[in-house]
Amino acid sequence: NSMFPYIQKGNLCRFVPCKPSLLKKGDVILYYSQTGQLIAHRYVETTTVKNQLLFLLKGDTNLGFDQPIEEHWILGKLETVQKKQFKITADHFIVRIWGKLILSFPILSGILRNYLNRKLKLYFN
């Protein structure tokens with residue numbers, strides 16, 4: 001649910017290899033977390049800590065950032081999301097606008113998180 005509503009359960013995502021230096025703010029990337037879990041989250045920025053390049057990422061419904069990752073943990077960049085009846089390309093203007101909105105207005109992540117929490121609560125009650 002961390003990339004809701006852009007990516008939802010049952011969607012088929014296609015990632016392609018990319019050079020981390022070519023990432024743009026808002027791109028969704030696939031990477032290994034420090035625990036070895038595969039995660040697809042939005043690229044926010046690159047920072048340098050102790051002469052080491054680190055990438056900051058965030059799920060659309062997450063309130064905070066993921067733990068920064070190193071370049072070699074990045075596997076690829078999202079190219080398409082196959083929904084039930086249609087396919088969305090990552091460079092579609094609506095997708096780009098959504099990425100800019102979610103990163104520019106953090107309150108949106110909180111609104112989405114509250115919506116998902118209420119939805120889950122109704123499901124389990």
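For reference, positions follow the sequence shown, starting with 1. Atoms considered below: every heavy atom in the structure, side chains included; atoms not considered: hydrogens, waters and symmetry mates.
- Scored by the side-chain hydrogen bond (donor to acceptor under 3.5 Å, both in side chains) test, Trp98 finds Asp60 as partners (sequence neighbours excluded).
- Residues meeting the side-chain hydrogen bond (donor to acceptor under 3.5 Å, both in side chains) test with Lys77, sequence neighbours left out: none.
- Both Ile102 and Ile97 are assigned to one and the same hydrophobic cluster, defined by single-linkage of ILVMFWY side chains at heavy-atom distances under 4.5 Å.
- Atoms OG and CG, from Ser109 and Leu101 in turn, are 11.0 Å apart once rounded to the nearest 0.5 Å.
- For Gln37, the side-chain contact (heavy atoms from CB on, under 4.5 Å) partners at least two apart in sequence or on another chain are Ser33, Thr35, Ile39.
- By the rule that hydrophobic residues join a cluster once side-chain heavy atoms approach within less than 4.5 Å of another member, Phe105 and Leu103 end up as members of one cluster.
- A heavy-atom distance below 4.5 Å is found between the side chains of Tyr32 and Leu38.
- Looking at residues two or more places apart in sequence or on another chain, you find a side-chain contact (heavy atoms from CB on, under 4.5 Å) between Phe4 and Gln8, Thr61, Leu112, Tyr115, Leu116.
- Minimum heavy-atom separation, Phe15 to Ala40: CZ-CB, 3.6 Å.
- For the pair Leu23/Phe55, a side-chain contact is recorded, criterion being any heavy-atom separation below 4.5 Å from C-beta on.
- A distance of 8.5 Å separates NE2 in His41 from CD1 in Ile7, rounded to the nearest 0.5 Å.
- Every side-chain hydrogen bond (donor to acceptor under 3.5 Å, both in side chains) that Asp91 has, sequence neighbours left out, goes to Thr89.
- In plain terms, the two heavy atoms of Gly76 and Cys18 that are nearest each other are C-SG, 4.2 Å.
- For CD of Gln67, the number of neighbouring non-hydrogen atoms (other residues, nucleotides, ligands) closer than 6.0 Å is 12 at most.
- In this structure, Ile69 is a member of the same hydrophobic cluster as Leu53, with clusters built from ILVMFWY side-chain heavy atoms closer than 4.5 Å.
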Distance-only criterion, 3.5 Å: show the donor-acceptor pairs between side-chain atoms of residues 43-51 and protein atoms not counting sequence neighbours.
| from | atom 1 | to | atom 2 | distance (Å) |
| --- | --- | --- | --- | --- |
| Tyr43 | OH | Thr46 | N | 3.3 |
| Tyr43 | OH | Thr46 | OG1 | 2.5 |

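- Hydrophobic clustering, with ILVMFWY side chains joined whenever heavy atoms are under 4.5 angstrom apart, groups Val81 together with Phe93.
- In this structure, Leu54 is not a member of the same hydrophobic cluster as Tyr31, with clusters built from ILVMFWY side-chain heavy atoms closer than 4.5 Å.
- Judged as a side-chain contact (heavy atoms from CB on, under 4.5 Å), and not counting sequence neighbours, the contacts of Ala90 are Tyr6.
- Sorted by first and then second residue, the salt bridge (Lys or Arg N to Asp or Glu O under 4.0 Å) pairs involving residues 61-75 (not counting sequence neighbours) form an empty list.
- Contacts classified as salt bridge (Lys or Arg N to Asp or Glu O under 4.0 Å) and involving residues 99-116 (residues at least two apart or in different chains) are not found.
- Taken from CD1 in Ile29 to CH2 in Trp73, the straight-line distance is 12.0 Å, to the nearest 0.5 Å.
- Taking Ser104 as the reference, nothing meets the side-chain hydrogen bond (donor to acceptor under 3.5 Å, both in side chains) condition, with sequence neighbours excluded.
- Judged by distance alone, with hydrogens and angles left aside, the side-chain atoms of Arg42 form no donor-acceptor pair with the main-chain N or O of Lys58 at under 3.5 Å.
- The neighbour count for Ile107 CD1, taken as heavy atoms of other residues, nucleotides or ligands under 6.0 Å away, does not exceed 12.
- Residues passing the side-chain contact (heavy atoms from CB on, under 4.5 Å) test with Phe86 are Lys83, Ile88, sequence neighbours excluded.
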